[in-house]
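Below, read A as the first sequence line, B as the second, and so on, with proteins coming before strands; counting in each chain starts at 1.
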Amino acid sequence: MNLGERLRRLAGLVGVSFRRTYIRAIKTAPGRTWLSVGGVALAVGLMVVVAGIGVGIATQSTVYGDNVDYWITPETDGSSSALVNTDGPRFGSVHPTAADLSDRESIAYASPVLTQPMRVQIDNGSAENVLAIGIVKHPQFSTVADVTTEGLRPGDPYFDNGTWTGDVSLSAGAAELLAATEGDGLTVTRPAGAADRNFSVTAIGAGNTTGSQFPIMVMQLSELQAITGADTNDEADQIVVSSTNPQIRSDLATIYPQSSVTTRAGLNAQAVLEDQLPLALSVTAAIIAVVIGTLFVMTTTGLSVASDRGRLATLAAIGISGSTRFRLLAIEILSITFVGGLVGVGLGVGGITLANIAARRTITSGDIASADPLVLAFGVVIAGVIGLLALPYLAVLLRRVGTASEVGR
Amino acid sequence: MAPSSSTLIDCVDLTRQYTLGGTDRSWLNFGSSEIQTVTALNGIDLSIERGEIVGCAGPSGSGKSTLLHLLAGLDTPTRGTVSFDGTKLGSLSKRARTRHRLDHVGIVFQHFHLLDSLSARANVALPLVELGRPKAERQQRATELLTAMGLDGRITHRPTQLSGGEQQRVAIARALVTDPDLVVADEPTGELDTETGKRVLSRFREVATEHNAAVVIASHDEPTLAIADRLVRMRDGNIIDIEKQDVVGETPTPTKSAAGDTHQTDGGSVETPESP
């Protein structure tokens with residue numbers, strides 16, 4: 001049989017298989033077919049919810065939810081923990097680099113991000129530790145780490161023309177911790193011998209997201225550099241870039257030697273992999289989903305082959321080879337598990353929505369689960385794995401179907 | 001005896017025994033075997049020529065269906081050989097026998113054995129899918145055969161929407177779709193009315209004469225068997241008589257079955273699945 005005949009046979013086989021599956025689903029065996037779909041959907045749906053919660057937990061400590069698509073970070077630095085990792089290597093000359101990037105047509109904006117834990121004090125208040133984040137303000141860069149940047153003036157005036165703004169945006173958590181309101185003065189405690197710098201609170205985040213519950217203050221990058229000594233080499237921990245052009249990733253990687261570029265999806269995956277609890281949650285959920293789904297599909301496959309013995313024996317009798325019979329049923333199983341996977345992803349998204357609603361009403365003001373596209377794709381992949389794992393059992397079942405004895409009945 | 005150039009099938013000492021109870025448990029009984037065997041065919045010798053129609057007659061349990069299964073390569077003999085065009089079927093692997101049936105044999109089952117989720121045309125074209133024929137060719141060939149069987153209005157119907165006689169004709173069309181060298185048919189006119197039965201039998205005659213194929217028909221219906229060039233009478237797994245028949249004039253008229261060719265549909269909406 002030449003290649004053309006093999007391809008025509010495969011195409012015909014797929015057509016027959018789809019038709020059989022369709023007719024079985026609506027006419028001849030709807031109960032069994034939809035039971036298989038439901039079993040896979042339930043397993044995948046549960047996995048998507050649990051994995052979504054895992055991703056939700058992992059990404060709460062990242063620069064997540066901002067209008068940012070790419071993160072450029074030093075290779076030895078974990079991009080997902082950049083906000084709290086201040087001891088790693090930093091990039092230098094970040095202002096001109098970010099300005100060059102922002103000038104490109106395909107890039108909406110680029111901003112260096114510097115993070116530093118600091119001890120701050122509201123006038124007549126107590127000193128508290130907060131996480132300071134320095135950025136170059138752009139109108140579209142509206143939030144960072146779930147904290148509004150609206151209180152900052154565009155650009156970086158102190159770097160551009162030496163004008164000290166002293167503008168600070170506080171997260172809801174920081175405002176609560178410091179008992180601060182808009183317009184309050186704020187002092188950053190500096191090492192002995194160095195002059196304190198004064199700031200004023202120009203904006204406070206709404207506090208409707210999980211990240212906003214952390215004590216964070218956002219300020220102009222050059223002002224944070226000035227009070228931390230990072231202005232000497234114009235340093236920052238990372239550079240964030242907003243662009244919808246996927247082609248620029250390789251360009252971004254060449255800007256700094258020994259740097260890596262992470263996409264939003266990659267950052268979420270990396271966040272899960274770097275955080276052991278969400279990783280354990282996701283892996284356990286995937287294993288349980290695969291086991292439950294595979295057992296479900298294997299059971300219904302067994303029932304299906306038992307009731308189809310006569311038809312399968314007929315196919316053998318009229319000369320349809322064992323491999324073709326296997327492929328015919330394998331395509332049916334994979335079709336059913338694929339549909340189950342899609343339904344399961346839908347159920348999972350619904351479950352994530354419900355989990356977030358329940359969480360907001362009880363334990364937190366933000367989302368605890370994320371319907372990340374990677375998690376949804378993972379659900380479909382798991383459905384495929386369930387189908388593939390059921391195939392060896394199908395092969396064993398088919399070997400037990402006799403030809404003459406069945407068609408002789 | 002070496003087969004002559006026109007001999008398609010040569011059966012020598014053909015024996016088929018079945019074990020009752022299925023499993024040999026003698027090792028559990030320390031050597032005392034409780035296996036019971038039934039001899040369905042008992043050492044028969046039979047040659048079948050190309051272009052010949054052979055009828056098999058005999059009461060139920062006489063071995064007709066077993067003989068058909070062995071000739072078609074659906075089963076293997078306990079003893080003896082079936083040579084098909086010089087190839088001993090018993091020496092072929094299961095896979096090779098399956099391919100042999102696809103390439104050389106058309107089978108009409110007593111109970112049709114159509115796939116109920118496929119249309120009549122898709123059922124007929126199924127062997128052509130396995131052969132990798134183009135879709136247009138598959139559909140054209142299946143449509144031609146179904147039309148020849150008087151089913152031109154029922155091509156896209158599924159088996160559950162067809163009467164028993166119509167299903168029988170679909171099964172016959174499926175058996176003929178690959179132009180086989182051998183057609184074996186178990187009670188092919190059992191569900192057909194008189195006129196349709198005649199049409200089917202004349203089709204078998206065409207297959208035998210025009211395509212030089214051998215046709216073996218097992219039936220209880222003497223008028224159906226009248227089409228045969230030779231009539232093999234069987235009893236208790238043995239051939240008790242082989243009659244050479246003179247077949248002249250028009251196709252014999254088979255006895256109308258009790259079931260007739262009454263049109264029975266499932267009453268549901270008509271699904272029209274396309275051919276593969």
| task | Mind running side-chain contact (heavy atoms from CB on, under 4.5 Å) on Leu115(B) and Arg19(A) for me, showing each step along the way? | result | CA-CA 11 Å; Leu115(B) 302 186; Arg19(A) 218 165 297 128; over 6 Å; no
| Gap separating the CD1 atom of Ile26(A) from the OG atom of Ser117(B), nearest 0.5 angstrom | 11.0 Å
| Taking atom CG of Leu118(B) and atom CZ of Arg311(A), what is their separation to the nearest 0.5 Å? | 10.5 Å
Residue pair [X] / [Y], side-chain heavy-atom distance below 4.5 Å:
X	Y	result
Glu5(A)	Leu131(B)	no
Arg101(B)	Ile318(A)	no
Ile320(A)	Thr98(B)	no

| Structural part of Arg6(A) lying under 4.5 Å from a heavy atom of chain B |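 Neither part.
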| said: Please classify the contact between Leu315(A) and chain B as side chain, backbone, both or neither, with a heavy-atom cut-off of under 4.5 Å. | reply: side chain
| Which region of Arg133(B), side chain (C-beta onward) or backbone (N, CA, C, O), has a non-hydrogen atom less than 4.5 Å from a non-hydrogen atom of chain A, or is it both or neither? |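 When you check distances to chain A, only backbone atoms of Arg133(B) fall under 4.5 Å.
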| message | Minimum heavy-atom separation for Glu130(B) and Gly319(A), please, with both atom names. | response | CG-O, 3.8 Å
| task | Take atom CZ of Phe338(A) as the centre, draw a 6.0 Å sphere, and report whether it contains more than 12 heavy atoms from other residues, nucleotides or ligands. | result |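 Open.
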| said: Evaluate Asp116(B) against Lys27(A) for salt bridge (charged side-chain N to carboxylate O under 4.0 Å, His left out), listing each step before the verdict. | reply: CA-CA 10 Å; Asp116(B) 54 8; Lys27(A) 286 269 182 186; over 6 Å; no
